[in-house]
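In what follows, a structure is listed as structure tokens, so that the remarks can point back to it.
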Amino acid sequence: MRRVVRQSKFRHVFGQAVKNDQCYDDIRVSRVTWDSSFCAVNPRFVAIIIEASGGGAFLVLPLHKTGRIDKSYPTVCGHTGPVLDIDWCPHNDQVIASGSEDCTVMVWQIPENGLTLSLTEPVVILEGHSKRVGIVAWHPTARNVLLSAGCDNAIIIWNVGTGEALINLDDMHSDMIYNVSWSRNGSLICTASKDKKVRVIDPRKQEIVAEKEEAHEGARPMRAIFLADGNVFTTGFSRMSERQLALWNPKNMQEPIALHEMDTSNGVLLPFYDPDTSIIYLCGKGDSSVRYFEITDESPYVHYLNTFSSKEPQRGMGYMPKRGLDVNKCEIARFFKLHERKCEPIIMTVPRKSDLFQDDLYPDTAGPEAALEAEEWFEGKNADPILISLKHGYIPGKNRDLKVVKKNILDSKPAANKKSELSCAPKKPTDTASVQNEAKLDEILKEIKSIKETICSQDERISKLEQQLAKMAA
């Protein structure tokens, strides 16, 4: 029987590296032996961890600042040890967190047009880890909630707005934590650890909801991330050092939903997940390729789509959020690949003949507005991301500055409630402002449309008159 090929609009995703003049050149990418991606991207900036003498530093470049980067270009350099991980705040494109070997987490506010002087003063320093901090991850839907994990096997969840640690999970992991991932609404986290266990944890109840021993039997590092439907996707190694990927249901972790062997390379696979299209991109450290898979509800659940290959191996990888992509070019993903001395954007597109907006490629995606305040989340509320349409492209709004209000921990609880009311209060004007902006945009678009129609009709009229004149002259 002839095998029927599964239909998928992403089968022909086309990956292409940009031209040399659109790369970021002459960057000394960090040589730290730590399996993080070394790069973080948002619609305004690309941040790259670099080699720095006498401490840790990272570059923050506006996206348009391509070409050769001067050696004297300002850096973010407040850490006293190498920087291990960086993460942009999903609700403010000018705020970035960094974790370092100096056991601290720092949160930085980047000026709107990028750095003109080196930045040494963070907005807030979060101290609580006793060993180096290798993982930082912002909460997907609650404002100012930041998670950090260190080599002291502890996970701390901070309220950045007050600069205090509110949850400390220090007795759940007996060995080094390789990675931590938030669920779509931020109610759970999943972790992969050196003891070969994958854990699903409810951080507010401080309990392990599900656990799988020896998710992958190999000794090399694993990764575990949450998918939009609540399942967990893992990458790791088999006993024979073959790279594997697996899909798990946290309600029953006895057996994986799917388990695939890939190849026998020894680079750790970094998974990047797009919840809108259910595509997972796997970038191996030291590989020169990006493989992508589609996750569906039908067997075999994880479907191999294709591989993008290039000549140079990657040192790290940044992944652009959906709202930073060019919808007019049917771009569904953009990676920022780190070489030894440069950062090279790679654009993934789905070729389409039409220039119109492709609704099926761009369902509403997570926007920059936080669904909850930090206090609401710590009190037990959950909320899905606030979605936005990309139909007219994403226009970045004005970000508000990150303000840290240090409060006395001995304060009574009602004061904290008042604070949450205060911090919720400014939300209304921004909502009405965005509605007004949308209304203005619609008006302008209508006006442009009517002007175009008028021009077309005048064109027709002029050509008719010209024809009549020509006849009369003849």
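These figures come from a predicted structure and were not determined experimentally.
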Considering all heavy atoms, the nearest Leu387-Ala366 contact: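 Taking Leu387 first and Ala366 second, the nearest heavy atoms are CD2-N, 3.7 Å.
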Main-chain N/O of Gly324 paired to Arg334 side chain as donor or acceptor, under 3.5 Å: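 Side chain of Arg334 to backbone of Gly324, a donor-acceptor pair under 3.5 Å: yes, one is there.
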Backbone of Val123 reached by a side-chain donor or acceptor of Trp108 within 3.5 Å: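 The answer is no, because no donor-acceptor pair under 3.5 Å joins these two groups.
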Asp35: salt bridge (charged side-chain N to carboxylate O under 4.0 Å, His left out) partners, not counting sequence neighbours: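 If we apply the salt bridge (charged side-chain N to carboxylate O under 4.0 Å, His left out) test to Asp35, skipping adjacent residues, there are no hits.
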Counterpart residues, salt bridge (charged side-chain N to carboxylate O under 4.0 Å, His left out), relative to Asp170 (two or more places apart):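 Salt bridge (charged side-chain N to carboxylate O under 4.0 Å, His left out) check on Asp170 returns nothing, list empty.
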Mutual orientation of the aromatic rings belonging to Tyr281 and Tyr319 [parallel < 30°, tilted 30-60°, perpendicular > 60°]: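 The rings of Tyr281 and Tyr319 sit tilted, inter-plane angle from 30° to 60°.
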For [X] and [Y], test the side chains for any donor-to-acceptor distance below 3.5 angstrom and give the result as yes or no.
X: Asp175; Y: Ser193; value: no
X: Thr162; Y: Glu164; value: yes
X: Ser310; Y: Lys337; value: yes

Name of the residue among His216, Glu217, His260 meeting side chain to side chain donor-acceptor pair (under 3.5 Å) with Gln244: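 Running side chain to side chain donor-acceptor pair (under 3.5 Å) over His216, Glu217, His260 with Gln244 returns exactly one hit, His216.
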Criterion salt bridge (charged side-chain N to carboxylate O under 4.0 Å, His left out) against Arg143, the qualifying member of Glu376, Glu375, Glu369: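 For Arg143, the salt bridge (charged side-chain N to carboxylate O under 4.0 Å, His left out) test succeeds with only one of Glu376, Glu375, Glu369, which is Glu369.
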So, are [X] and [Y] salt-bridged, with charged N and O less than 4.0 Å apart?
X: Arg184; Y: Asp384; result: no
X: Asp263; Y: Arg291; result: yes
X: Glu101; Y: Lys131; result: no
X: Asp364; Y: Lys322; result: no

Within a 6.0 Å radius of atom [atom1] on [X], are there more than 12 heavy atoms belonging to other residues, nucleotides or ligands?
X: Gln254; atom1: CD; value: no
X: Asp360; atom1: CG; value: yes
X: Lys196; atom1: NZ; value: yes

